[in-house]
Every structure is written in C-alpha cells, then in structure tokens.
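One structure is given here, and the rest of the page talks about it.
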Amino acid sequence: MLRIDKATIKFGGLTAVNEVCFEVKDHSIFGLIGPNGAGKTTLFNLISGVHSLTSGDIFFQDKSIKGLQPYQINATGIARTYQNINLFYTLSVLDNVKIGRHSRIKSGLVSNILRTPAQQKEEKDIVEKSMELLRFVGLEDKCNFMSKNLSYGDQRRLEIARALASDPKLLLLDEPAAGMNSKEKVDLTELIHRIHDRGITILLVEHDMKLVMNITHEITVINFGKKIAQGTPAEIQENPEVIAAYLGGGLIGSK
C-alpha cells in the first residue's frame, strides 16, 4: 500500500527525517511511534505533500507520489488528520464533512452556476454520503452544530469523518487520542477497528502505547529522525534500543 524509500528532509542544517524506510501492507493497521521530536509528524507531512522530500521517494500502490501537491495526493486515495485539530470552526459539522468530499466532485464551474440535473444529483449524493459518515462516527444528531461548539472528543471524530469523506484507501491518523479521556479512547479504539473493517489501511502516529500495542499489526520506531526498529507490538516492547529511546523506562502502559 505504502512504501517509504530512504525518505529524507532537511531544514537548513537540521535533518528532521533521515533516510527512513518502511512498508505499510494493504489492509493493515501500522503504528509509527517515537519520542517527542522524533520526526513522526514531519514524516506524515512528507507523505501527504505538506513538505517536499530533500531526497528519497514515497510510493503509494507502487506509484511515486514525490512532488505531488496535497490535493493531488488526496485524490490518489490518501487522507489524514492532524496532531492539532484542524477544522473549519465557523462552519457546521455537516459542511466540514462535505468539504472533505471535494476531491471526488466532478461538477465544474458552469454546471454549478447553471444548477444542472447532474450537479444537483451530485450535491444530493454528497449530503447523503456526509450524513452516512456522521452516523458512522456517532455525530449524526449534531450535524447542524457549529464545529467549534463540539466537545474535544467529538471534534476529533469529526476530523476523522471529514478525512473519510474522500474515500481513502490509506488513512493517516496523527495522534488521534491526544487529549482524550479514558472513555473517549475506548470509543476511538472501537472506531479505528470499524474503519479498518471497511477495508481501509491505517497508518497511526500515537503516544498512547497501550492503544498502539492493542490495535496495530506492525510498528516502526523512529528517533531523532532515524528508524531504529520495526516489528510486531510484542517485538517492539522487548527491543532494547526502543526501550532506551523512551528514556530507559520502557513503553509505559504498553502491557
């Protein structure tokens, strides 16, 4: 599904990601972990086109996406959420999800101005798809709320629904459990499993090690921008280099 081939990015004299390599298998839940500042979100930004590679390449379904713009990468079948929630706060919950459908819209400027039958049908389909996703994440009854008025956990779920609106084959989740309470994390875990059951491959960055170890099939660990380990959750928990990277305390809460 995804192959990272010696991905490297430099900001001036700082190498934020340094020749990182790994593969995410189709229909898997893959974890990307590491201490704060390890380069995880920067790597997500490379995959989604927010940043450009200094060297190396990234392949999605065996095709290079190097140099593509974020909207082009989204159109290929990759969607993401953000470490810091990034919603359109002055728009409704429903409108936020409808915007996530933009890469699948076929109507052009003229058909939108003329309100052709095809355009009206597409608009109806967008609303129906968006409402289905809001039901899926448990926000259907809040579809007309302003997104800024949602609880923190609901905003996280709305961002996931918006990402799903583009019908991704690969979903990048950047610290989706950050700031959630225990109940919200249980609900999130169940939601991730249900997303996976829809046939979507998931690449997950997360600091909650209990969550990561319980739901992922394979994990890559990076530290100071370099890959230091890869394996199953059980293998990662016993890896001495990984334990050392987490300040010698082991992966707290992972067992």
Side-chain angles (χ1 to χ4, degrees), residues 40-42 44-45 47-51 69-107 112 119-198 200 202-208 211 215:
K40 305 181 297 297
T41 293
T42 301
F44 261 31
N45 287 339
I47 297 168
S48 59
V50 176
H51 296 325
Q69 295 298 311
Y71 73 92
Q72 294 172 316
I73 291 174
N74 179 250
T76 68
I78 299 176
R80 69 170 293 183
T81 64
Y82 293 83
Q83 182 178 359
N84 298 315
I85 297 174
N86 192 8
L87 296 172
F88 297 97
Y89 290 105
T90 59
L91 297 180
S92 71
V93 167
L94 177 59
D95 283 343
N96 266 270
V97 182
K98 286 167 63 179
I99 287 171
R101 193 71 183 159
H102 73 93
S103 63
R104 303 300 173 217
I105 294 173
K106 297 178 181 178
S107 299
N112 276 279
Q119 187 275 338
Q120 291 182 54
K121 181 182 184 303
E122 184 173 57
E123 187 172 334
K124 180 182 178 182
D125 291 344
I126 290 169
V127 172
E128 291 177 352
K129 173 70 174 181
S130 298
M131 289 302 298
E132 185 273 323
L133 288 171
L134 289 175
R135 282 192 293 273
F136 180 72
V137 302
L139 293 175
E140 181 184 16
D141 60 338
K142 299 177 181 177
C143 64
N144 293 318
F145 283 32
M146 297 291 283
S147 62
K148 66 181 179 181
N149 294 330
L150 293 179
S151 68
Y152 184 85
D154 283 351
Q155 288 184 0
R156 284 283 182 193
R157 286 190 288 162
L158 174 56
E159 194 172 38
I160 291 173
R162 186 182 62 185
L164 292 174
S166 65
D167 291 334
K169 300 179 182 72
L170 173 65
L171 178 63
L172 313 180
L173 297 176
D174 194 353
E175 297 192 33
M180 285 188 172
N181 59 39
S182 298
K183 172 63 167 59
E184 289 170 336
K185 288 180 181 179
V186 171
D187 292 343
L188 174 66
T189 300
E190 191 267 341
L191 176 58
I192 291 174
H193 280 302
R194 288 195 291 119
I195 292 170
H196 179 250
D197 289 343
R198 290 171 76 120
I200 297 172
I202 297 169
L203 176 55
L204 173 73
V205 164
E206 183 52 62
H207 281 291
D208 187 317
L211 188 153
I215 67 173

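Side-chain atoms of L188 and L211, non-hydrogen and from C-beta on, do get closer than 4.5 Å to each other. Between F44 and L203, some side-chain heavy-atom pair lies under the 4.5 Å cut-off. When side chains are defined from C-beta on, I160 does not count as touching L133, because their heavy atoms never get closer than 4.5 Å. The shortest side-chain heavy-atom distance between V205 and L173 does not fall under the 4.5 Å cut-off. Side-chain atoms of N45 and R80, non-hydrogen and from C-beta on, do get closer than 4.5 Å to each other. Using a 4.5 Å heavy-atom threshold, the side chains of K169 and I78 count as separate. Counting only heavy atoms from C-beta outward, the side chains of S147 and L158 approach each other to under 4.5 Å. For the pair F88 and D95, the minimum side-chain heavy-atom distance is 4.5 Å or more.
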> Are I192 and I202 close enough, and set up right, to give a side chain to side chain contact (heavy atoms under 4.5 Å, CB included), and what steps lead you there?
Replying inline: CA-CA 8 Å; I192 291 174; I202 297 169; 3.7 Å; yes

>> Let's go through Y82 and T41 carefully: what are the C-alpha distance in whole Å and the side-chain angles of both, what is the deciding distance for side chain to side chain contact (heavy atoms under 4.5 Å, CB included) to 0.1 Å, and is it a yes or a no?
In response: CA-CA 9 Å; Y82 293 83; T41 293; over 6 Å; no

> Should I200 and L170 be marked as a side chain to side chain contact (heavy atoms under 4.5 Å, CB included) after you check the CA-CA gap, both sets of side-chain angles, and the distance that decides it?
Replying inline: CA-CA 6 Å; I200 297 172; L170 173 65; over 6 Å; no

>> Working note: S166 + N74, criterion side chain to side chain donor-acceptor pair (under 3.5 Å); need CA distance, chi angles, decisive distance, verdict.
In response: CA-CA 7 Å; S166 65; N74 179 250; 3.3 Å; yes

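Residues satisfying the salt bridge (Lys or Arg N to Asp or Glu O under 4.0 Å) test with E159, not counting sequence neighbours, are R162. Among residues two or more places apart in sequence or in another chain, the side chain to side chain donor-acceptor pair (under 3.5 Å) test is passed with E190 by R194. The ring pair (Phe, Tyr, Trp, His ring centres under 6.0 Å) test applied to H196 returns H27, H217, not counting sequence neighbours. Not counting sequence neighbours, the partners of K183 by the salt bridge (Lys or Arg N to Asp or Glu O under 4.0 Å) test are D187. Partners of D154 by salt bridge (Lys or Arg N to Asp or Glu O under 4.0 Å), not counting sequence neighbours, listed by chain and number: K142, R157. For D167, the salt bridge (Lys or Arg N to Asp or Glu O under 4.0 Å) partners are R101, K129, not counting sequence neighbours.
Heavy-atom minimum distance, Q83 versus R156: O-NH2, 2.9 Å. Residues E132 and R198 come closest through the heavy atom pair OE2-NH1, 3.3 Å. The heavy-atom pair separating S48 from I73 by the smallest distance is C-CD1, 3.6 Å. The minimum heavy-atom distance between A79 and A163, with the atom names listed, is CB-O, 3.3 Å.
In this structure, CG on L164 lies 10.5 Å from CG on L134, to the nearest 0.5 angstrom. For the atom pair L139 CG and M131 CE, the distance stands at 10.0 Å (nearest 0.5 Å). N181 contributes atom CG, which lies 9.0 Å from atom OG of S151 (distance to the nearest 0.5 angstrom).
Within the 3.5 Å criterion, the main-chain N or O of M146 finds no donor-acceptor partner in the side chain of S92. Looking only at distances, a side-chain donor or acceptor of E206 sits under 3.5 Å from a matching main-chain atom of A177.
Taking the charged nitrogens against the carboxylate oxygens, R135 and E128 have no contact shorter than 4.0 Å, which rules out a salt bridge.
Within a 6.0 Å sphere centred on CG of N144, heavy atoms belonging to other residues, nucleotides or ligands number 12 at most.
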